[in-house]
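Just so it is clear: chains get the letters A, B, ... in the order the sequence lines come, proteins before strands, and each one is counted from 1. Nothing here was measured: the structure is a model prediction, and the numbers come from that model.
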Number of protein chains: 2
Amino acid sequence: MDEEILKKYGDVDTCPVRNILDRFGDKWSTLVLLVLGEKEKLRFNELNKCIQTISQKMLTVTLKKLETDGLVNRTIYPHVPPKVEYELTDLGRSLLPNLQNLVKWANDNIDEIKTNRTKIG
Amino acid sequence: MDEEILKKYGDVDTCPVRNILDRFGDKWSTLVLLVLGEKEKLRFNELNKCIQTISQKMLTVTLKKLETDGLVNRTIYPHVPPKVEYELTDLGRSLLPNLQNLVKWANDNIDEIKTNRTKIG
DNA sequence: CGGTATCCATCCCGATACTG
DNA sequence: CAGTATCGGGATGGATACCG
């Protein structure tokens, strides 16, 4: 076997890629980051409406994870009714171009992929 | 609300990003693509060894999905014992740079993220 | 060697109800 | 408005045994 590859992707604990993938390989994280990248700041319910099918629960969970990782910043305005705004941190913004490249690739190639899927295995 | 964002990420069925994310937002797909990107061709058991903790089942399932999407090519050599080789298709190779950028970002920022995670919420 | 088939634990995530 | 708490179904994925 190729020792080089092993070192690069082998170990779950030390491999940054796998560490990151474990985090963003969920249903919503990437999408939330992309939507936040479209605006300076967004309120909770605005996010909820942008990502049509996300549940309130999953939006909360996802935002909390992203906040923990330092990718998203959360600001509470002590109003009644409460107002909470979310925005990308510098770290979050540094990730954004990579995700947007993925978006571009997806848009460019989705037709081909869909065609492939319909072919007989 | 921002209609533009809604159009871009709103609908599950028509949005390519979400379609793609649904596919690669699993535990193994991205990793398998990255490992395949390191070599011209790899046999089943070579892949299995590269990605230490993946089970035989999940490797099979993941490879089949990637093959269906047309990202990976599967070649059977009718030997005894059988020999099967996997390689990226042109489509698969076109995705690779995007994933490698993500790897680079992960390597560059994993320390900061890990530090963030240890901070008190 | 390169799978398949089956069983089973986990946990993701949606629905619903409730709160400050 | 922006959450939290709880429940439960279904998908995810690991372990094991078997097959061509």
Side-chain angles (χ1 to χ4, degrees), chain A residues 1-2 9-13 18 21-32 35-36 39 41-69 72-87 121, chain B residues 1-2 9-13 18-19 21-33 35-36 39 41-69 72-87 121:
Chain A
M1 263 313 312
D2 203 283
Y9 303 115
D11 185 33
V12 201
D13 298 322
R18 300 190 58 172
L21 283 177
D22 276 1
R23 207 68 168 195
F24 299 108
D26 66 0
K27 202 171 177 181
W28 303 112
S29 295
T30 310
L31 210 53
V32 168
V35 170
L36 279 173
K39 286 281 194 183
K41 300 184 173 202
L42 281 170
R43 301 181 63 171
F44 185 87
N45 272 353
E46 288 176 327
L47 278 166
N48 215 151
K49 272 175 222 150
C50 282
I51 309 173
Q52 298 262 25
T53 54
I54 196 172
S55 65
Q56 196 177 34
K57 175 185 172 184
M58 288 319 296
L59 182 55
T60 305
V61 170
T62 304
L63 284 168
K64 199 160 286 175
K65 275 205 318 185
L66 295 174
E67 198 194 351
T68 303
D69 282 9
V72 163
N73 204 19
R74 180 173 182 267
T75 314
I76 314 165
Y77 301 88
H79 294 163
V80 178
K83 176 180 175 181
V84 181
E85 281 187 336
Y86 294 90
E87 62 186 329
Chain B
M1 262 311 312
D2 202 285
Y9 303 113
D11 183 32
V12 201
D13 298 323
R18 301 191 57 172
N19 201 306
L21 282 177
D22 276 0
R23 207 70 168 196
F24 299 106
D26 66 0
K27 202 171 178 183
W28 302 112
S29 295
T30 310
L31 210 51
V32 168
L33 289 173
V35 171
L36 279 174
K39 286 283 194 180
K41 300 184 174 200
L42 280 170
R43 299 182 64 172
F44 186 87
N45 273 353
E46 288 177 326
L47 279 166
N48 214 152
K49 272 175 222 152
C50 282
I51 309 171
Q52 300 261 26
T53 55
I54 197 172
S55 64
Q56 196 179 36
K57 174 187 172 182
M58 289 318 296
L59 181 54
T60 304
V61 170
T62 304
L63 284 169
K64 199 159 286 175
K65 277 204 319 185
L66 295 175
E67 199 194 348
T68 303
D69 282 9
V72 163
N73 204 19
R74 180 173 182 265
T75 313
I76 315 166
Y77 301 88
H79 293 164
V80 178
K83 176 179 175 182
V84 180
E85 281 188 337
Y86 295 90
E87 62 185 330

So, do B:F44 and B:L63 sit near enough that their side-chain heavy atoms are less than 4.5 Å apart?
yes
A:P82 or A:D26: which one's nearest nucleotide on DNA chain C is closer to the 5' end?
A:D26
Among D:dT4, D:dA2, D:dG14, which nucleotide sits nearest the side chain of B:W28?
D:dG14
What is the distance, rounded to the nearest whole Å, between atom CD of B:Q56 and atom C1' of C:dA5?
12 Å
Base, sugar-phosphate, or nothing: which does B:K27 touch, judged by heavy atoms less than 4.0 Å apart?
sugar-phosphate
Is there a side-chain contact between A:I51 and B:R18 in this structure, where contact means two heavy atoms from C-beta onward sitting under 4.5 Å apart?
yes
Just the rounded figure in Å: distance from C1' of C:dG14 to CD1 of A:I51.
15 Å
Using whole Å, report how far OH of A:Y77 lies from P of D:dA2.
11 Å
Can you tell me the distance, in whole Å, between the CZ atom of B:R18 and the P atom of C:dC13?
12 Å
Within less than 4.0 Å of OP1 or OP2 of C:dG3, is there a side-chain N or O belonging to B:K64?
no
When the distance from CG of A:L31 to P of C:dC12 is rounded to whole Å, what number comes out?
18 Å
Is the closest side-chain heavy-atom distance between B:L31 and B:T62 below 4.5 Å?
no
Quickly work out the A:L59 CG to D:dA2 P distance and round it to whole Å.
10 Å
Considering only side-chain heavy atoms of A:S55, which listed nucleotide, C:dG14, D:dT4, C:dT4, is closest?
C:dG14
Is the NZ atom of B:K39 crowded by more than 12 outside heavy atoms at less than 6.0 Å?
no
Name the nucleic acid region contacted by A:Y86, choosing base, sugar-phosphate or nothing; use a 4.0 angstrom heavy-atom cut-off, strictly under.
sugar-phosphate
Whole-Å distance separating the CD1 atom of A:I54 from the C1' atom of D:dA2:
14 Å
Would you mind reporting whether B:Y9 and A:V32 have side-chain heavy atoms less than 4.5 Å apart?
no
Write down the distance between CG (A:N48) and C1' (D:dC1), rounded to a whole number of angstrom.
11 Å
For the side chain of A:M58, counting heavy atoms from C-beta on, which of C:dC13, C:dG3, C:dC7 is nearest?
C:dC13
Nearest to side-chain heavy atoms of B:K57, which nucleotide of D:dT6, C:dG2, D:dA15:
D:dA15
5' precedence on DNA chain D between A:P81 and A:T60 (nearest-nucleotide basis)
A:P81
Residue-phosphate contact under 4.0 Å: B:R43 side-chain N/O, C:dC1 OP1/OP2
no
